[in-house]
Structure formats: C-alpha cells, structure tokens
Student: 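Can you read through this structure? Questions will come right after.
Counting starts at 1 for both ligands and their atoms, following the listed order. Starting from 1, each residue takes its place in the sequence as its number.
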Amino acid sequence: MRLLVPVPGVFITRREFIEKSLSTLVSVSFLEMLITRNLLAGSIKEKTDHWAIQLNEMCRDLKTQAIRPSVWQTRIEALLGTVEQADLVKFIDFDKLTRAFQYPDLGVNTKYVTFPKIAGLPDDVQFVKKIFGMKQDRAIIPHGHKNMVSAHYVLFGEFDLKHYDKLGEDDTHLIITPTVDTVVKPGSVSSISDEKNNVHWFKARSEIVFPFDMLIFNVDPSFGKSYDIDNIDPYEAEEIRPNVWRAPKLDVDTALKKYGKETQH
Ligand SMILES: [Fe+2]
C-alpha cells in the first residue's frame with residue numbers, strides 16, 4: 001500500500017512512513033535532551049561564574065578596607081553557602097588537582113587552585129586559592145592568625161572543627177575562648193579573622209578529606225607584617241576565667257608531632 005504524504009510527487013509505504021516518523025521522534029527527543037543538557041551546563045556555569053565574581057568583589061572590598069573582616073566573614077560564608085559541592089568540584093577541576101596527591105603522615109599537603117577564565121573576573125584575583133588534603137586522623141593543627149583572613153569550604157570528607165576567639169596574647173601564650181565545636185561535612189563553610197573565630201583546628205574523621213581555602217594576607221598594611229601564625233597547645237591550656245583559657249604557643253615541629261596525627265577511632 002502506498003501513502004500520499006504532503007510533499008508533491010513523493011510516495012512512501014506505510015512502513016517507510018512509520019519508520020521515518022519514529023526516526024524523527026527519536027531525533028527530536030535526542031535534540032531536546034542535548035538542548036536541556038546544554039542549558040543545564042550553561043546555568044551551572046553561569047551560577048558558578050557569578051559566584052566567583054562576587055567572591056572576588058568581596059575580597060577586593062576587604063583589601064580596600066571598605067568592609068571589616070567580620071563583615072567579610074559573614075558575607076563570604078553566606079555566599080559559599082549557595083555553592084553546590086558538585087559545581088565547585090568541577091569548577092576548580094578537583095580531579096586533576098588531586099591526581100597523584102601526596103598525603104603526608106603528619107598534617108596536610110596543599111595545592112594551589114586556578115580558576116578558569118571568566119568574563120568579569122580579573123586574572124589577578126584578590127585572594128589565594130588552595131585545597132588542603134589529608135588522611136584520616138591528621139589535622140590542620142590548632143593555630144591562630146594575625147593580619148589575615150581565610151574561608152574554608154569542605155569539598156570531601158568530614159572534620160571535627162573547633163574555633164576559638166583570641167582575646168589576647170603574650171610572648172608565650174594565647175588567651176582564647178571556645179566559639180565552635182562541631183562536625184563539618186561537604187558543603188560546610190567556616191572562616192577566620194582577627195575579629196572573629198581567629199583560632200581554628202580541623203581533625204579529619206574520614207579516610208580522605210579536602211577543604212578548599214580562600215586566603216587574604218596583609219589585611220591591614222599598617223600592621224608591619226604580611227601575616228603571622230601561632231600554633232598552640234589546647235590540651236595544655238589553663239582555664240584562667242570561666243571558659244577563658246591560656247594556651248601555650250608551640251613551634252611548628254612540636255605542634256605537628258603532638259597534633260598532626262591523633263588516633264580517634
Ligand atoms: Fe589557619
């Protein structure tokens with residue numbers, strides 16, 4: 001049997017007609033899938049690009065002292081809270097970064113992160129970007145900071161996270177009070193500055209863990225030093241007032257030996 005199709009002078013069989021129609025349907029749905037996928041990829045890219053530009057603007061505002069460090073912390077934590085872990089992993093090319101990653105026996109190893117080229121994002125962004133990787137029971141040892149800020153987004157794994165506010169110091173001790181004691185997971189965000197949650201301490205609970213860090217040094221150029229870090233010994237801290245502790249400062253080697261690897265399980 002032959003069917004007349006709406007093209008003058010062209011005749012095809014019913015079977016040819018059905019096959020052609022099915023093939024067209026398949027092509028249309030394949031095309032729709034491709035369009036949807038591209039739109040989705042486009043929207044993820046747009047979202048991630050937008051996030052990176054906003055991040056850089058916040059960091060520029062801090063560097064020009066248009067906002068205080070504690071305001072930067074509130075804003076950056078809110079912004080990072082909107083970023084999907086899977087999007088960030090793709091954006092920084094995490095797989096490539098962690099290929100042949102060397103995990104130290106004590107403490108952490110780091111790798112610098114490069115953002116892809118984005119319209120509106122200058123090449124000389126206002127912050128340093130790094131991933132920190134470590135194995136279970138290793139730690140970013142307890143330490144306080146001077147003249148710098150940093151924000152931390154958990155990419156993989158779980159950490160025990162402790163923060164302290166720094167209330168004062170002398171040559172040998174920091175005076176601290178606990179502010180955060182929690183477990184953080186992928187997508188969790190934290191930050192430090194001279195004003196808030198100055199001291200932090202991450203202990204890896206999972207087999208492998210990775211936070212992504214954004215750091216700005218020399219927040220106040222009049223400070224006279226780009227930044228400084230004091231490792232401390234919370235286990236030897238003495239409570240001098242209710243919930244206020246005087247913790248000894250430690251040199252890096254001693255601190256790493258004591259806190260770089262602690263078995264918790
Ligand atoms: Fe730190």
Student: Not counting sequence neighbours, which residues clear side-chain hydrogen bond (donor to acceptor under 3.5 Å, both in side chains) with S150? List them please.
Tutor: H152
Student: Is the number of heavy atoms from other residues, nucleotides or ligands under 6.0 Å of K185 NZ greater than 12?
Tutor: no
Student: In this structure, are over 12 heavy atoms from other groups packed under 6.0 Å from F115 atom CZ?
Tutor: yes
Student: Hey, which protein N/O/S atoms does the Fe ion (ligand 1) have under 2.8 Å?
Tutor: H143 NE2, H145 NE2, H200 NE2
Student: Can you give me the closest heavy-atom contact between V189 and Y153, atom names plus distance?
Tutor: CG2-CD1, 4.0 Å
Student: Among all residues two or more places apart in sequence or in another chain, which pass the side-chain hydrogen bond (donor to acceptor under 3.5 Å, both in side chains) test with K111?
Tutor: none
Student: By side-chain hydrogen bond (donor to acceptor under 3.5 Å, both in side chains), which residues pair with S70, not counting sequence neighbours?
Tutor: E195
